[in-house]
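Written out below as structure tokens is the structure these notes cover.
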2 protein chains.
Amino acid sequence: MPARNYGEYCGLAHALELVGERWGMLVIRELLTGPKRFTDLSRGLHRIPSNVLSARLKELEQHGVVERRILPRPSGSVVYALTDYGRELDEVLIKLAGWGARSAGEPREGDAVSVTALVLGLRGIFRPEAAGDLQATYELRIGDIVAHARVAGGELEVSEGPAADPDLTIEADTSLRRVLTGGHSDTIALTGDPALFERFAEIFRIEQVPGTAVSEEA
Amino acid sequence: MPARNYGEYCGLAHALELVGERWGMLVIRELLTGPKRFTDLSRGLHRIPSNVLSARLKELEQHGVVERRILPRPSGSVVYALTDYGRELDEVLIKLAGWGARSAGEPREGDAVSVTALVLGLRGIFRPEAAGDLQATYELRIGDIVAHARVAGGELEVSEGPAADPDLTIEADTSLRRVLTGGHSDTIALTGDPALFERFAEIFRIEQVPGTAVSEEA
DNA sequence: CTGGATCCCTCACGATACTG
DNA sequence: CAGTATCGTGAGGGATCCAG
């Protein structure tokens, strides 16, 4: 029982039938950083009902985007992973995340921020032309989530978890975004070479879309 | 009243709140080729209920993705157009369309194919590395829809409608896709330089994803 | 004829509870 | 831990109707 169908012979329509259902792309976002168990996915997408997660995983599996794997003994537990085909969505989701970040504004009451959101976000707003030949490793800590980014040769690599040997550790809350849009924050703690923070703010600068700052009601 | 919200502070989640509702991205697909009237949109997305189209347009407008314009006298009619911000989705939708095309298979009974779907599809599966320094203009006719593609300097430009001076006109049905995946069709009529068709099939080659040919039931 | 608004029905989603 | 079962609600689907 595949997704409802748009009645169009169109690559985009077909793509949306595969991954365009509600929560679909967010499940894929979680899996972009590696295989995850059902419970991990539940935690990463803390508002997703378990039956919806279950349904999405089944559909995505049927559509060849996600694979269900059973880990070798003794754990024997189940993990979900992207297929090669599913992993090809990486670039699309990064660009979409970058696009969305430009109009996101401040977090709303009760918004959660997950590691994978942070990882995808950084990749989405990365500006290679601003990185130049900088070579540095950043560790980011927002609340209790941790990720690290290595910039080198105009390329970026971001992963979950702490860095082995960071040049700069940035401990912040979501007001970090304000800095990236050209604003200011004084709740950010730096450990390491503080000069690297200015580079960070250039490399991950967000061009806020006008008129989309916070509220959306007319 | 914005779209339902995911409760996550994440660029991707926010993007999906803006354009991720059902039909949302397809409406944007229609507008990528220029401003359209309500009725044109209805025709391009022939299965969309008018109330849903109406709702999407309102939301997209509220979110700063689409603009509602009233044409100057004497027509005085209403058109919808992408904002600058909305137009930035171009690249994302092209990539997503290309991704979807790889697993699309043959059209189902009753599937429509619209001009904008063809335009986006061609752009999505374009392979610059296969174009080399070829310089050529193709005109495509599938059923009663017409588009043209100009390839030059490794770049591609596709538009609706006939070409002014095509080097090759390809008149086909949806079996054209079979050729692009390495198969064969004998319902394609060529007018112009037939040698250019081989180049066409390379430049727009589709790497079919295994196991996704036609059916999806296990 | 365009540009929608309205009504009703159905099913996907969302919340919660429960099981192997 | 890894999901399934149940059930209420509201968004989507389809048809029709109405104003400019």
Side-chain angles (χ1 to χ4, degrees), chain A residues 1-8 13 16-27 30-31 35-63 66-81 110 112, chain B residues 1-8 13 16-27 30-31 35-63 66-81 110 112:
Chain A
M1 163 179 316
R4 292 170 289 177
N5 124 22
Y6 286 106
E8 296 217 20
L16 292 171
E17 287 165 5
L18 300 186
V19 303
E21 298 279 307
R22 191 163 167 74
W23 290 104
M25 296 203 196
L26 291 174
V27 170
E30 288 297 307
L31 296 178
K36 298 263 188 306
R37 292 180 303 171
F38 190 93
T39 317
D40 298 331
L41 294 171
S42 249
R43 249 194 293 279
L45 306 165
H46 74 284
R47 297 251 288 228
I48 195 176
S50 63
N51 57 347
V52 173
L53 176 55
S54 193
R56 286 302 155 269
L57 287 170
K58 273 199 191 84
E59 295 161 13
L60 291 172
E61 189 188 353
Q62 225 171 21
H63 295 151
V66 160
E67 240 174 27
R68 185 182 209 263
R69 293 186 196 155
I70 303 194
L71 291 186
R73 314 294 342 281
S75 85
S77 64
V78 178
V79 295
Y80 297 90
Chain B
M1 162 173 321
R4 293 171 287 175
N5 117 35
Y6 285 105
E8 296 218 19
L16 293 171
E17 288 165 6
L18 299 186
V19 303
E21 298 279 307
R22 191 163 167 74
W23 292 103
M25 296 203 196
L26 291 174
V27 170
E30 289 296 306
L31 296 178
K36 299 261 187 305
R37 293 179 302 172
F38 190 92
T39 316
D40 299 331
L41 294 171
S42 249
R43 248 194 294 279
L45 306 165
H46 72 281
R47 298 252 287 230
I48 195 176
S50 66
N51 57 348
V52 173
L53 176 55
S54 193
R56 287 301 155 269
L57 287 170
K58 271 197 192 87
E59 294 161 12
L60 291 172
E61 190 189 352
Q62 225 171 22
H63 295 151
V66 160
E67 238 174 29
R68 186 188 153 106
R69 294 186 194 155
I70 303 195
L71 291 185
R73 312 289 347 279
S75 85
S77 65
V78 178
V79 295
Y80 297 89

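In what follows, chains are A, B, ... by sequence order, proteins preceding strands, each numbered from 1. Hydrogens, waters and symmetry mates are skipped; everything else that's a heavy atom, side chains included, is used. This is a predicted model, so every value here is computed, not measured.
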Are side-chain heavy atoms of B/Lys58 and B/Arg68 found at a separation under 4.5 Å? no

Closest listed nucleotide, where the reference is the side chain of B/Arg56 and the choices are D/dA11, C/dG4, C/dG14: D/dA11

Report the end-to-end axis angle of the helix from C/dC1-D/dG20 to C/dG20-D/dC1; each axis comes from five terminal pairs, and the value is rounded to 10°. 30°

Using a 4.0 Å heavy-atom cut-off across all strands, classify A/Ser77 as base, sugar-phosphate, or nothing. sugar-phosphate

Name the closest nucleotide to the A/Phe38 side chain, picking from C/dG14, D/dA2, D/dG12. D/dA2

Within-4.5 Å side-chain heavy-atom neighbours: B/Met25 and B/Leu16: yes

With sequence neighbours left out, what residues match B/Tyr6 under ring pair (Phe, Tyr, Trp, His ring centres under 6.0 Å)? A/Trp23

Minimal heavy-atom distance between A/Arg22 and B/Asn5, with the atoms involved, is NH2-O, 3.8 Å

Answer yes or no: does a side-chain N or O of B/Ser54 lie under 4.0 Å from OP1 or OP2 of C/dA5? yes

Under 3.5 Å, which donor-acceptor pairs do the side chains of residues 35-48 of chain A form with other protein atoms, sequence neighbours left out?
{"from": "A/Lys36", "atom 1": "NZ", "to": "A/Thr33", "atom 2": "OG1", "distance (Å)": "3.1"}
{"from": "A/Lys36", "atom 1": "NZ", "to": "A/Gly34", "atom 2": "O", "distance (Å)": "3.4"}
{"from": "A/Lys36", "atom 1": "NZ", "to": "A/Glu160", "atom 2": "OE2", "distance (Å)": "3.4"}
{"from": "A/Asp40", "atom 1": "OD2", "to": "A/Arg37", "atom 2": "N", "distance (Å)": "3.3"}

Under 4.5 Å between any side-chain heavy atoms of A/Glu21 and A/Arg4, yes or no? yes

Distance, rounded to the nearest Å, where B/Glu59 contributes CD and D/dA11 contributes C1': 10 Å

Considering heavy-atom distances to DNA chain D, does A/Tyr6 or A/Arg68 have its closest nucleotide positioned more toward the 5' end? A/Arg68

Counting only side-chain N and O atoms of A/Trp23, is one of them less than 4.0 Å from OP1 or OP2 of C/dA12? no

I'd like to check the salt bridge (Lys or Arg N to Asp or Glu O under 4.0 Å) partners of B/Glu61; sequence neighbours left out, ordered by chain and number. none

Protein-nucleotide distance (A/Arg22, atom CZ; D/dG12, atom C1'), rounded to Å: 14 Å

Ignoring the backbone of A/Val52, work out which of D/dG3, D/dG12, C/dC13 is nearest its side chain. C/dC13

Quick one: pull up CG in B/Asn51 and CZ in B/Arg56 and give me the separation to the nearest 0.5 Å. 9.5 Å

To the nearest Å, how far apart are A/Glu17 CD and C/dA12 P? 14 Å

If the cut-off is 4.0 Å, is B/Tyr80 near the phosphate of C/dT2, judged by side-chain N/O to OP1 or OP2? no

Look up atom CG in A/Leu53 and atom CG in A/Leu26, then write down how far apart they are to the nearest 0.5 Å. 11.5 Å

Length of the line joining B/Glu21:CD and D/dG12:C1', which is rounded to integer Å: 10 Å

Can you tell me the distance, in whole Å, between the CG atom of B/Leu41 and the P atom of C/dT2? 13 Å

Compare the minimum distances between each of D/dC1, C/dC13, C/dT2 and the side chain of B/Arg37, then state the nucleotide with the smallest one. C/dT2

B/Lys36 has an atom NZ; how far is it from atom P of C/dT2, in whole Å? 15 Å

Contacts of B/Glu30 that satisfy salt bridge (Lys or Arg N to Asp or Glu O under 4.0 Å) - sequence neighbours left out: none

What's the NZ-C1' distance between A/Lys58 and D/dA5, to the nearest Å? 12 Å

What is the per-nucleotide protein-contact pattern of nucleotides 14-20 of chain D, from the 5' end, where B denotes a base atom under 4.0 Å from a protein heavy atom, S denotes such proximity for sugar-phosphate atoms only, and - denotes neither? BB-----

Using whole Å, report how far CD1 of A/Ile48 lies from P of C/dG14. 8 Å

